[in-house]
Amino acid sequence: MIDIRNFYKSFGKLKVLDGINIAIDSGAVFAILGPNGSGKTTLLKSILGMVIPDSGVIRIEKKSIIREWKYRNKISYMPQVANFPPNLKVREIIKIFKIFRSEISFENDLIKSFNLESSLEKKFSTLSGGTKQKVNIVLAFMFDSPIIILDEPTTGLDPLSLIKLKKVINDYKHLNKTILVSSHIMGFVEEISDRIVFLLDGKIEFNGTVDQIKKNTKKNNLEKSIAHILNNKND
């Protein structure tokens with residue numbers, strides 16, 4: 001579904017992505033991990049068309065997306081922070097998204113699942129952080145997009161909402177969607193991911209399954225595996 005080849009990006013003298021090669025398949029949850037400054041945000045923004053590479057290519061369904069824009073209709077994006085006009089009501093924000101996408105939407109089941117019925121007539125600025133994040137989730141999953149990108153999707157969620165988010169991700173994966181996740185919560189990543197890419201200083205330090213990274217590092221969970229890699233790099 002997504003193929004990234006020989007991808008380089010620098011900002012001035014700072015080399016942010018240094019020869020990235022990744023193939024991302026449909027019907028899987030693909031986690032992009034790394035410490036701050038590793039290049040993961042730049043990589044996600046490149047897939048979204050917000051960053052143009054110095055060299056290299058990104059293909060979606062075998063077509064280059066560089067300097068294109070129509071392919072974005074295939075993507076639903078959940079930013080880390082839900083930042084919408086504060087005076088708009090939740091119902092109005094959902095309506096605006098439906099106007100821009102002009103597709104069949106499935107927000108009603110999501111609204112019910114995340115108990116947002118009582119929040120629909122509230123202004124966005126009056127919502128708690130967790131409720132704003134639940135609105136963010138509804139907007140990300142309400143369309144039949146083949147690609148879904150989630151940037152720190154667990155922020156502010158209570159345990160019950162987190163369980164529901166995991167179920168939604170799993171359900172959409174089985175609908176043959178391509179789901180990209182960036183998160184610092186390793187327990188969440190370990191539970192939902194089919195494959196992970198760990199970036200360090202703009203390069204791929206690991207690309208494989210959770211079981212493979214645990215086997216390679218001889219650790220019993222993903223968090224300890226990531227810590228082991230970082231500690232070895234710092235030695």
Side-chain angles (χ1 to χ4, degrees), residues 1-84 96-103 105 136 139-153 169 172-173 175-184 189 193-209:
M1 170 61 73
I2 304 175
D3 190 38
I4 303 170
R5 294 295 158 194
N6 302 315
F7 199 91
Y8 292 84
K9 181 62 185 179
S10 296
F11 294 104
K13 295 182 179 180
L14 179 62
K15 188 175 289 185
V16 180
L17 294 173
D18 188 7
I20 300 297
N21 291 283
I22 308 172
I24 302 172
D25 297 326
S26 302
V29 178
F30 200 98
I32 298 176
L33 309 179
N36 293 335
S38 62
K40 62 183 184 297
T41 298
T42 299
L43 183 58
L44 289 177
K45 287 184 176 180
S46 298
I47 296 171
L48 291 166
M50 299 168 65
V51 171
I52 304 299
D54 300 326
S55 61
V57 65
I58 299 178
R59 295 185 180 90
I60 293 180
E61 295 178 339
K62 301 181 179 180
K63 296 180 180 179
S64 174
I65 66 169
I66 306 301
R67 302 188 187 280
E68 297 291 338
W69 61 270
K70 289 184 179 180
Y71 78 93
R72 294 176 189 168
N73 290 327
K74 301 176 183 288
I75 298 176
S76 286
Y77 172 53
M78 179 179 172
Q80 181 175 352
V81 177
N83 190 12
F84 301 109
I96 289 171
F97 268 63
K98 291 169 69 174
I99 291 172
F100 277 115
R101 291 294 295 260
S102 300
E103 302 169 40
S105 61
N136 218 6
L139 296 172
F141 286 97
M142 63 187 277
F143 298 108
D144 190 26
S145 304
I147 300 170
I148 302 167
I149 299 177
L150 309 173
D151 190 1
E152 298 290 348
I169 291 172
Y172 274 64
K173 179 181 79 172
L175 292 173
N176 205 40
K177 309 297 183 183
T178 300
I179 303 173
L180 278 70
V181 178
S182 177
S183 177
H184 286 94
V189 171
S193 299
D194 297 293
R195 295 188 67 85
I196 65 170
V197 162
F198 183 68
L199 297 176
L200 199 59
D201 298 327
K203 296 183 178 181
I204 296 176
E205 192 66 27
F206 175 83
N207 182 358
T209 67

Under the ring-ring contact (aromatic ring centres under 6.0 Å, His included) test, residues paired with Tyr172 that sit two or more places apart: Phe141
Residues that Tyr71 engages under ring-ring contact (aromatic ring centres under 6.0 Å, His included), provided they are two or more places apart: none
Note, Asp151 side chain near Pro79 side chain (heavy atom, < 4.5 Å): no
Closest contact, heavy atoms only, [X] versus [Y]:
X      : Y      : answer
Met1   : Pro146 : CE-CB, 4.2 Å
Leu180 : Ile47  : CD2-CD1, 3.6 Å
Ser183 : Val189 : CB-CG2, 3.8 Å
Ser182 : Pro153 : O-CD, 3.7 Å
Phe143 : Leu139 : CD1-O, 4.4 Å
Gly34  : Phe198 : CA-CE1, 3.6 Å

Pairing residues for [X] by the side-chain contact (heavy atoms from CB on, under 4.5 Å) criterion, not counting sequence neighbours:
X      : result
Asp144 : Phe106, Lys177
Ala140 : Met78, Leu150
Ile52  : Ile66, Arg67

Salt bridge (Lys or Arg N to Asp or Glu O under 4.0 Å) contacts in which one or both residues fall within residues 31-57, not counting sequence neighbours: Lys9-Asp54
Residue pairs passing the salt bridge (Lys or Arg N to Asp or Glu O under 4.0 Å) test where at least one lies in residues 72-84, sequence neighbours excluded: Glu61-Lys74
Report the distance from atom [atom1] of [X] to atom [atom2] of [Y], rounding to the nearest 0.5 Å.
X      : Y      : atom1 : atom2 : value
Ser46  : Leu17  : OG    : CG    : 6.0 Å
Asn6   : Ile20  : CG    : CD1   : 10.5 Å
Glu152 : Asn136 : CD    : CG    : 12.0 Å
Phe206 : Leu200 : CZ    : CG    : 14.0 Å
Arg59  : Ile4   : CZ    : CD1   : 11.5 Å
Ile96  : Phe84  : CD1   : CZ    : 9.5 Å

Criterion side chain to side chain contact (heavy atoms under 4.5 Å, CB included) against Ile2, the qualifying member of Ile75, Ile65, Ile24: Ile24
Matching residue for Leu43 among Ile22, Val197, Val51, Leu48 - test: side chain to side chain contact (heavy atoms under 4.5 Å, CB included): Ile22
Can you name the side chain to side chain donor-acceptor pair (under 3.5 Å) partners of [X], sequence neighbours left out?
X      : value
Asp3   : Arg5
Ser76  : Ser145
Glu68  : none
Asp194 : Lys173

Partners meeting salt bridge (Lys or Arg N to Asp or Glu O under 4.0 Å) with Lys203 (sequence neighbours left out): Asp18
Evaluation steps, side-chain contact (heavy atoms from CB on, under 4.5 Å), between Leu199 and Ile204: CA-CA 5 Å; Leu199 297 176; Ile204 296 176; 3.8 Å; yes
Asn207, CG atom: more than 12 neighbouring heavy atoms under 6.0 Å: yes
Phe100, CZ: over 12 other non-hydrogen atoms inside 6.0 angstrom: no
